[in-house]
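These notes are about the structure you will find just below.
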Amino acid sequence: MSTIKKHNTAILGAAFLMATSAVGPGFLTQTATFTESLLASFGFVILISIIMDIGVQLNVWRVVAVSKKRAQEIANLVFPGVGYLLSFLIVAGGLAFNIGNIGGAGLGMESVFNISPITGALISGVIAVAIFLGRETGPIMDRFAQLMGFILIILIIYVVFKSDPPLAEAATKTIMPDKIDAVAIVTLVGGTVGGYITFSGAHRLLEAGVSGEENLDSVTRSWSQVF
């Protein structure tokens, strides 16, 4: 595979890796809960969280790419020792989140294939381990993230049309909500740019060699593909 093709695959893979990392069981539970309590006004929460996500994610990706350093290394340069704390928090949070992710995968396998959630979780875990056992983990993960990302987008579009939401009301309440819930905004932002999600795509680009000022346009393009 040529260098250009590898870079393009990594760029698209990083975008989908970040996007799919944000849509887990916890995030879906949060959105369902807030949709029930806020109804169409939840659109305002989504709008504000997207704006905040753009600022956070784009800034982090560009800083990581230009510095050619991982987030914990940058943190240690800013204040010695903070990088180790950051690493610990991300690992601890990632462990908790991914227990939920594996559980969610098990429930999904149960819904699709009518097998027990435990069996589904085991199968999902084996697939995840198999991806990282490959000789070229990066390209395999990129392709898998793209495939799962496309499937996820198709399923989201299907649910949108199947649930038949009040689109006109949602559009109106997104601009003029009946209620502004700060807790919902903070929760949604934390679910989309919290923990390892913020750094997953940027670190993947570092591993693929897509970094430095000369690749800044590619990094920005990769991130913007999520939107």
Side-chain angles (χ1 to χ4, degrees), residues 7 10-11 13-27 29-30 45 48-104 125 128-129 131-134 136-142 144-145 182-227:
H7 279 200
I11 287 170
F16 277 102
L17 180 63
M18 184 191 75
T20 54
S21 295
V23 187
F27 178 78
T29 302
Q30 292 167 0
V45 175
I48 296 301
S49 67
I50 289 175
I51 294 173
M52 295 178 70
D53 289 352
I54 290 174
V56 172
Q57 287 281 15
L58 185 56
N59 187 51
V60 169
W61 279 44
R62 290 167 68 89
V63 169
V64 169
V66 171
S67 66
K68 298 184 180 181
K69 297 181 183 295
R70 295 179 179 274
Q72 66 270 22
E73 295 172 334
I74 297 172
N76 276 330
L77 291 175
V78 174
F79 193 91
V82 172
Y84 301 113
L85 176 61
L86 177 65
S87 298
F88 171 77
L89 293 175
I90 290 178
V91 170
L95 176 62
F97 295 148
N98 282 298
I99 288 174
N101 289 338
I102 292 296
V129 171
I131 292 174
F132 287 96
L133 286 179
E136 295 189 9
T137 300
I140 295 174
M141 184 174 64
D142 291 335
F144 191 77
V183 173
I185 294 173
V186 172
T187 303
L188 204 63
V189 169
T192 50
V193 296
Y196 62 87
I197 298 173
T198 310
F199 310 111
S200 58
H203 285 180
R204 173 66 195 110
L205 291 178
L206 280 184
E207 293 172 359
V210 185
S211 58
E213 291 187 34
E214 65 276 13
N215 286 307
L216 196 55
D217 289 341
S218 296
V219 172
T220 303
R221 186 175 72 253
S222 173
W223 179 88
S224 64
Q225 285 177 1
V226 179
F227 294 92

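To the nearest 0.5 Å, the span separating CG on L86 from CZ on F199 amounts to 5.0 Å. Here the straight-line distance linking atom CD1 of I51 with atom CD1 of I48 works out to 4.5 Å at 0.5 Å rounding. Rounding to the nearest 0.5 Å places OG of S211 at 11.5 Å from NE2 of H203. Note that OG of S49 is 9.5 Å distant from CD1 of I54, once rounded to the nearest 0.5 Å.
Within the structure, side chain to side chain donor-acceptor pair (under 3.5 Å) contacts touching residues 88-100 (residues at least two apart or in different chains) are N98-N101. Within the structure, salt bridge (Lys or Arg N to Asp or Glu O under 4.0 Å) pairs that include any residue of residues 182-193 do not occur (at least two apart or interchain).
Looking only at side-chain heavy atoms (C-beta outward), I90 and Q72 stay at 4.5 Å or farther from each other. In this structure the side chain of M52 reaches within 4.5 angstrom of the side chain of I185, judged on heavy atoms. In this structure, V64 and K69 have side chains that are not in contact, with every pair of non-hydrogen atoms separated by 4.5 Å or more. Residues L206 and R70 form a side-chain contact, since some pair of their non-hydrogen atoms from C-beta on lies under 4.5 Å apart.
Taking every heavy atom of both residues into account, I74 and S67 meet most closely at CD1-OG, 3.3 Å.
Under a cut-off of 6.0 angstrom, the local environment of CD in E213 is sparse, with at most 12 non-hydrogen atoms contributed by other residues, nucleotides or ligands.
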